[in-house]
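Beneath this line is the structure, given in structure tokens, with notes to follow.
Values in this document were obtained by computation on a predicted structure and should not be read as measured data. Counting begins at 1 with the first residue of the sequence. Just so you know, these numbers use all the heavy atoms, side chains as well, and skip hydrogens, waters and symmetry mates.
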Amino acid sequence: MNDHSVNETNNAQEQEEHEVEDPELRRLLVPNPEDLPLIPPSSVEANFVSYFAPDFMKPGHDQYIYRHANGLCVIGLAPTHVAFKDEGGITAIDFNVGKSDRSGIKVTGKRKKNAQHLESNSALCKVCSKDATYIVRCCVKGSLLEVNDRLIKQPELLNSAADREGYIAIIMPKPADWLKVKDSLLGLEEYKKLREV
């Protein structure tokens, strides 16, 4: 048997092995187009678990908590918050609540130095519509890492993209504190049922 026929035999065997692996590998690498959703999931849907605090401390004060796998919680106004029902929507936001201006915090380093430790009922900010002012609360006990100070100059983000660019703050709860509050929150489907959205 010459070298040429040995190479052909080896190539044929390799090709057979690839064909055996191919359907399974192909199924993993190339999804069936019929199984794909019509619209790809948003980054919020893909990276966060959505929770809702309906009527938080006052009727109609619905807020969302998007929890990331790393434990961070993004806090904002749920689409059914009473402030969105006012004519003209939200016109201004003020992070100066009580004794401290939340927009003045500058958290640094791995240990999050200078983070304010807040209770679940602590005020984060006030949102104003043409006729009323509403207090937005933390909903979760934890360290305030960041407020969305973009909202000071662009409060309209709350009306157009409250669940994305219009978030209010980012909070890091301790795992034990999160477990305590988690049971009092609703999941996305429960919230949709409750509010019929």
- Are L144 and I135 linked, directly or through other ILVMFWY residues, by side chains that come within less than 4.5 angstrom of each other? no
- Message: Is any side-chain heavy atom of V140 closer than 4.5 Å to one of I65?
- Response: yes
- Message: Is there a path of hydrophobic side-chain contacts, each under 4.5 Å between heavy atoms, that joins V97 and L145?
- Response: no
- Task: Report the C-alpha separation of K182 and Y51 in whole Å, then their side-chain angles, then the decisive distance to 0.1 Å, and conclude whether the side-chain contact (heavy atoms from CB on, under 4.5 Å) test is met.
- Result: CA-CA 8 Å; K182 183 182 170 188; Y51 294 95; 3.4 Å; yes
- Given the rule in the side-chain contact (heavy atoms from CB on, under 4.5 Å) test, do V127 and T133 qualify, once you have shown the distances and angles that lead to the verdict? CA-CA 6 Å; V127 292; T133 300; over 6 Å; no
- Task: Return the set of residues passing ring-ring contact (aromatic ring centres under 6.0 Å, His included) with F52 (not counting sequence neighbours), or none when no residue passes.
- Result: Y191
- Message: Can a donor-acceptor pair be found, under 3.5 Å and without considering hydrogens, that links the side chain of Q63 to the backbone of R137?
- Response: yes
- Quick one: does S160's side chain have a donor or acceptor within less than 3.5 Å of a partner on E156's backbone? yes
- Query: Partners of S50 by side chain to side chain donor-acceptor pair (under 3.5 Å), sequence neighbours excluded?
  - Reply: none
- Begin from the C-alpha positions of D86 and T91 and carry the test side-chain contact (heavy atoms from CB on, under 4.5 Å) through to its verdict. CA-CA 10 Å; D86 289 355; T91 55; over 6 Å; no
- Message: For Y66, give me all partners under ring-ring contact (aromatic ring centres under 6.0 Å, His included), at least two apart in sequence or on another chain.
- Response: Y64
- Item | Lys/Arg N to Asp/Glu carboxylate O, R195 vs D62, below 4.0 Å | yes
- Closest heavy-atom pair, F84 versus P79, reported as atoms and distance to 0.1 Å, is CD1-O, 3.6 Å
Which side-chain N or O atoms in residues 164-181 pair as donor and acceptor under 3.5 Å with protein atoms at least two apart or in another chain?
unit_1 : atom_1 : unit_2 : atom_2 : d
Y167   : OH     : E146   : OE2    : 2.3

- Does CG in L29 sit with more than 12 non-hydrogen atoms of other residues, nucleotides or ligands closer than 6.0 Å? yes
- Message: Looking at I90, is its backbone amide N or carbonyl O close enough to the side chain of N159 to form a donor-acceptor pair, meaning the two atoms are under 3.5 Å apart?
- Response: yes
- Query: Can you tell me how far CG of D94 sits from SG of C125, rounded to the nearest 0.5 angstrom?
  - Reply: 8.5 Å
- Item | Residue pair S120 / C139, side-chain heavy-atom distance below 4.5 Å | no
Which atom pairs, donor and acceptor, lie under 3.5 Å between side-chain atoms of residues 68-76 and protein residues at least two apart or in another chain?
unit_1 : atom_1 : unit_2 : atom_2 : d
H68    : ND1    : N70    : N      : 3.1
H68    : ND1    : N70    : OD1    : 3.3
N70    : OD1    : L72    : N      : 2.9

- Task: Go through the steps to decide whether M57 and N121 satisfy the test side-chain contact (heavy atoms from CB on, under 4.5 Å), and finish with yes or no.
- Result: CA-CA 8 Å; M57 297 185 69; N121 63 353; 3.4 Å; yes
- Task: Please answer: with hydrophobic residues joined when any side-chain heavy atoms are less than 4.5 Å apart, are I93 and F56 in the same cluster?
- Result: no
- Is any side-chain heavy atom of H61 closer than 4.5 Å to a side-chain heavy atom of Y134? yes
- Message: With a sphere of 6.0 Å drawn around NZ of K58, does it hold more than 12 non-hydrogen atoms of other residues, nucleotides or ligands?
- Response: no
- Give a yes or no on whether the backbone of L151 and the side-chain of Q154 come within a donor-acceptor separation of less than 3.5 Å. no
- Within the distance-only criterion (no hydrogens, no angle test), does the side chain of E196 pair as donor or acceptor with the backbone N or O of K193 below 3.5 angstrom? no
- Item | Residue list, side-chain contact (heavy atoms from CB on, under 4.5 Å) with N32, at least two apart or on another chain | E34, D35
